[in-house]
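By convention here, the first residue in the shown sequence is residue 1.
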Amino acid sequence: MTDPRGRRNRASAAGGSADRGRAPGVWPSAATWGRGIVLVHLVLSPLVFSCHTLEPFEFAKVTLLTLTAVVAGAWVLATGVRHWSPRGLSSRIRVDPLAAGVLLFVASAAVSTVISISPRTSFRGAQESFAGLRTVLGYAVLFGVTRALCRGVNDGRRLLVAPVVASAVTAAYAVTQFAGLDPIRWAGVSDIGEYVRPFATMGHPNQLATFLVMTLPLTAYFTRLAWQNRQTSLFLTLTLLGGLSVLAILFTVSRGGWLALACALAALAVGWWPRSRRV
């Protein structure tokens, strides 16, 4: 039988590019498992909420982030600590200013926590405010794992599918709320007169608009890709999902969301127009 350990080591050294040549019947490589962890978090993070907690939305999302960071940390230990040694990390930081910025942000948050008048609160976060050091560390771990796994365009493209799927569910729920068909009776909603602004799984209309505006260019990218590859069914599905996202953004009555939507559409038009002329 083929020894899977050597295959995993080569995949780690190549940034996961060796996954394509994996023989049938061999367990997925460590990089595949790592990307699976990140992919699941990207899909579930915008969607999770709980009606059985004091704060239904942010608490559930931060809890998922913490759980993902713990699982990702265990994955790092399981795949071999030598690949994450201080010498290896320092060499990466020297050629990756973005990683250096994240580490400086974590260091700043740690210093602020230590000298805080309530270090315990600064670490855990306050009631209805979960931006403590624990949350910062969770995002830092998630960033590091994602950065290590996405060594090529194809690796990143696989992960970009996740927010598109999450945005489709979120936009559909927002349209359902706009139609008055939400099965959950929410308290403390944001309204304008008698109009209740939809918030879907994000907890607030402004946050909903922000998330959908950020994911709309990704949906547009995959829609264009489906058109170029003559995948008619996928093209029509993604076009419908993009339309749902635009409707949901309009229904939020978020002025910042509307402005961001206009800027995103303008950027897409400017970026695609010269390419379409060359074609």
Side-chain angles (χ1 to χ4, degrees), residues 38-68 125-131 135 138-139 142 146 159-223 237-268:
V38 177
L39 187 69
V40 169
H41 178 265
L42 288 174
V43 172
L44 294 182
S45 181
L47 302 180
V48 295
F49 64 90
S50 173
C51 298
H52 302 287
T53 55
L54 185 61
E55 203 288 321
F57 297 98
E58 190 173 355
F59 176 76
K61 299 180 190 304
V62 171
T63 301
L64 177 63
L65 170 66
T66 305
L67 176 62
T68 304
Q127 178 64 30
E128 297 186 359
S129 176
F130 303 95
T135 302
Y139 278 121
L142 191 62
T146 306
L159 294 182
L160 291 179
V161 175
V164 173
V165 174
S167 68
V169 178
T170 305
Y173 188 19
V175 173
T176 300
Q177 288 180 328
F178 173 80
L181 302 176
D182 192 346
I184 303 175
R185 295 186 177 274
W186 298 99
V189 296
S190 175
D191 52 20
I192 301 176
E194 296 182 355
Y195 175 67
V196 178
R197 303 165 65 195
F199 50 87
T201 61
M202 301 303 295
H204 193 278
N206 293 343
Q207 293 177 346
L208 171 62
T210 300
F211 172 68
L212 292 179
V213 168
M214 289 192 300
T215 55
L216 186 61
L218 300 179
T219 304
Y221 166 74
F222 285 109
T223 303
T237 301
L238 290 173
T239 301
L240 175 61
L241 296 181
L244 280 177
S245 293
V246 172
L247 283 177
I249 295 169
L250 296 177
F251 292 158
T252 60
V253 195
S254 172
R255 290 172 294 182
W258 290 355
L259 178 60
L261 174 63
C263 292
L265 295 178
L268 287 174

Does [X] use its side chain to pair, donor to acceptor, with the backbone of [Y] at less than 3.5 Å?
{"X": "Thr201", "Y": "Pro46", "value": "yes"}
{"X": "Lys61", "Y": "Val48", "value": "yes"}
{"X": "Gln177", "Y": "Asp182", "value": "no"}
{"X": "Glu55", "Y": "Phe57", "value": "yes"}
{"X": "Ser129", "Y": "Gly125", "value": "no"}
{"X": "Thr215", "Y": "Pro163", "value": "no"}
{"X": "Thr252", "Y": "Ile249", "value": "yes"}

Measure the spacing between [atom1] of [X] and [atom2] of [Y] and express it to the nearest 0.5 Å.
{"X": "Phe130", "Y": "Thr66", "atom1": "CZ", "atom2": "OG1", "answer": "10.5 Å"}
{"X": "Leu244", "Y": "Thr170", "atom1": "CG", "atom2": "OG1", "answer": "11.5 Å"}
{"X": "Leu240", "Y": "Thr223", "atom1": "CG", "atom2": "OG1", "answer": "10.0 Å"}
{"X": "Thr210", "Y": "Leu261", "atom1": "OG1", "atom2": "CG", "answer": "11.5 Å"}
{"X": "Ser245", "Y": "Leu212", "atom1": "OG", "atom2": "CG", "answer": "5.0 Å"}
{"X": "Leu42", "Y": "Thr68", "atom1": "CG", "atom2": "OG1", "answer": "9.0 Å"}

Closest non-hydrogen atom pair between [X] and [Y], with its separation:
{"X": "Gln207", "Y": "Met202", "value": "OE1-O, 2.8 Å"}
{"X": "Asn206", "Y": "Ser254", "value": "OD1-OG, 3.2 Å"}
{"X": "Ala174", "Y": "Leu208", "value": "CB-CD2, 3.7 Å"}
{"X": "Leu216", "Y": "Gly242", "value": "CD1-O, 3.9 Å"}
{"X": "Ala220", "Y": "Leu268", "value": "CB-CD1, 3.9 Å"}
{"X": "Ala264", "Y": "Pro217", "value": "CB-CG, 4.5 Å"}

Decide yes or no for [X] and [Y]: does some side-chain heavy atom of the first lie under 4.5 Å from some side-chain heavy atom of the second?
{"X": "Val169", "Y": "Val43", "result": "no"}
{"X": "Phe199", "Y": "Tyr173", "result": "no"}
{"X": "Trp186", "Y": "Cys51", "result": "yes"}
{"X": "Phe49", "Y": "Ile184", "result": "yes"}
{"X": "His41", "Y": "Leu67", "result": "no"}

query: Do other residues, nucleotides or ligands put more than 12 heavy atoms under 6.0 Å from Tyr195 OH?
result: yes
message: Evaluate Leu54 against Phe59 for side chain to side chain contact (heavy atoms under 4.5 Å, CB included), listing each step before the verdict.
response: CA-CA 8 Å; Leu54 185 61; Phe59 176 76; over 6 Å; no
task: For side chain to side chain contact (heavy atoms under 4.5 Å, CB included), just list the numbers for Val164 and Leu238, CA-CA rounded to whole Å, side-chain angles, deciding distance to a tenth of an Å, and then say yes or no.
output: CA-CA 9 Å; Val164 173; Leu238 290 173; 4.3 Å; yes
